[in-house]
Protein chains: 2
Amino acid sequence: MKWDTLEEEPCSLARTVAVIGDRWSLLILRECFLRKRRFEAFQSSLGITRHLLAERLKKLVRFGVLRRIPYQDSPKRYEYILTQKGLDLYPIIMSIVHWGNVHMVDSRGRPMLHQHKNCGHMFDPVMVCSECGEPLTAKAVHVHPGPGARQTSPVHAMAADEPKAKAKTGT
Amino acid sequence: MKWDTLEEEPCSLARTVAVIGDRWSLLILRECFLRKRRFEAFQSSLGITRHLLAERLKKLVRFGVLRRIPYQDSPKRYEYILTQKGLDLYPIIMSIVHWGNVHMVDSRGRPMLHQHKNCGHMFDPVMVCSECGEPLTAKAVHVHPGPGARQTSPVHAMAADEPKAKAKTGT
DNA sequence: GCTTTAAAGTTCTATTTTAGAACTGTCAAT
DNA sequence: ATTGACAGTTCTAAAATAGAACTTTAAAGC
């Protein structure tokens with residue numbers, strides 16, 4: 001499986017991974033959510049090579065996660081800001097941070113705390129069911145193929161109840 | 001920044017990315033949450049090279065996300081199952097899937113639907129505040145340095161207002 | 001008994017990606 | 001006239017990945 005085919009897989013996880021599933025993209029997005037917007041700012045705080053940074057920014061813009069906006073004209077200069085599509089990545093970012101908070105902290109404690117402006121409290125993110133509001137666990141969820149599920153050749157589907165099918169050796 | 005230093009950054013996102021921040025790890029985890037457990041099963045449904053699969057599985061075991069358990073003795077055979085630490089990745093996986101459902105679907109619709117066993121409904125995951133229960137958005141969250149924040153030079157944690165510090169280019 | 005098959009890896013080379021550093025072009029300030 | 005900031009681009013060396021073949025242990029088929 002190559003990077004460009006990933007994006008076309010009948011799997012929402014694979015498609016999202018095609019956009020943000022590499023270390024640098026996620027770190028760049030962290031900076032974006034911390035209000036960083038400029039090439040130099042990303043580069044110096046991440047230590048990413050300029051070459052890769054340019055490439056990743058282009059990719060994020062191409063996928064509509066960031067928008068490239070001129071902020072001065074003399075020498076044309078641009079900054080990168082999150083689109084709504086990009087802002088919608090917030091639950092992903094927060095759940096990644098939360099897992100790190102719970103499972104990867106050292107003795108000194110959390111590097112960062114989050115305060116909810118609405119209620120004023122320090123909080124953790126919790127993922128709940130849109131219908132009943134209960135916290136979600138893997139075991140409490142049943143997976144069904146949706147309308148966009150693969151139904152072409154019998155080659156590897158990724159639905160929950162995949163039979164034994166596939167063995168991509170046969171085409 | 002190298003992969004191994006990433007794990008030691010004073011940032012929960014970076015530390016988590018050190019564990020699961022590459023395309024194959026995330027796809028392997030998808031399979032784990034879909035009840036796949038064996039080397040051959042991962043390999044044939046993902047099309048990952050055997051070499052990389054072996055390496056990624058080792059890494060996930062090393063970080064305590066998967067446990068390697070023998071399921072027969074004659075020729076020793078092992079399978080990989082999620083630990084509690086691994087199961088705790090569920091919100092990350094689900095929010096990735098959800099973003100793909102919202103922003104990366106084609107005309108055919110979602111590849112997969114999720115049903116909550118507790119309430120019986122098809123649902124979407126929603127991330128809420130642990131304190132007030134309201135849905136979270138990036139703009140409604142204020143970030144503070146925590147006890148584990150970087151404290152070497154002047155305060156700059158990777159909080160919202162990092163100056164330019166650490167310009168690796170000089171002085 | 002001999003060959004094939006299966007699982008779970010390991011080993012090998014060719015190709016692609018990434019790291020690290022230097023270079024480019026445009027303007028403002030010194 | 002020179003320096004510095006910004007947003008990149010270009011180059012080579014080093015690292016990671018793809019793709020395929022090979023290994024080991026033991027059961028199954030002939």
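Chain letters run A, B, ... following the sequence lines, proteins first, then strands; residues in each count from 1.
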Between protein and nucleotides 2-18 of chain C, map the contacts as a letter string: B base, S sugar-phosphate only, - none, heavy atoms under 4.0 Å, written 5' to 3'.
-> ----BBBBBB------S
Would you please name every residue forming a salt bridge (charged side-chain N to carboxylate O under 4.0 Å, His left out) with B:Arg67, sequence neighbours left out?
-> none
If you measure from the Lys or Arg side-chain nitrogens to the Asp or Glu carboxylate oxygens, is any gap between B:Glu79 and B:Lys36 under 4.0 Å?
-> no
For the pair made of [atom1] in [X] and [atom2] in [N], what is the distance, rounded to whole Å?
X: A:Asp73; N: C:dC27; atom1: CG; atom2: C1'; answer: 12 Å
X: A:Ile48; N: D:dA7; atom1: CD1; atom2: P; answer: 15 Å
X: B:Leu46; N: D:dG19; atom1: CG; atom2: P; answer: 14 Å
X: A:Gln43; N: D:dA5; atom1: CD; atom2: P; answer: 14 Å
X: A:Ile28; N: D:dG8; atom1: CD1; atom2: C1'; answer: 14 Å

Apply ring-ring contact (aromatic ring centres under 6.0 Å, His included) to A:His116 and list each qualifying residue two or more places apart in sequence or on a separate chain.
-> A:Phe123
Of all residues at least two apart in sequence or in a different chain, which pass the side-chain hydrogen bond (donor to acceptor under 3.5 Å, both in side chains) check with B:Asp73?
-> B:Lys76
Residues in side-chain hydrogen bond (donor to acceptor under 3.5 Å, both in side chains) with B:Arg68, at least two apart?
-> B:Tyr80
Would you mind listing every ring pair (Phe, Tyr, Trp, His ring centres under 6.0 Å) that reaches into residues 83-103 of chain A, with sequence neighbours excluded?
-> A:Phe33-A:Tyr90, A:Trp99-A:His103
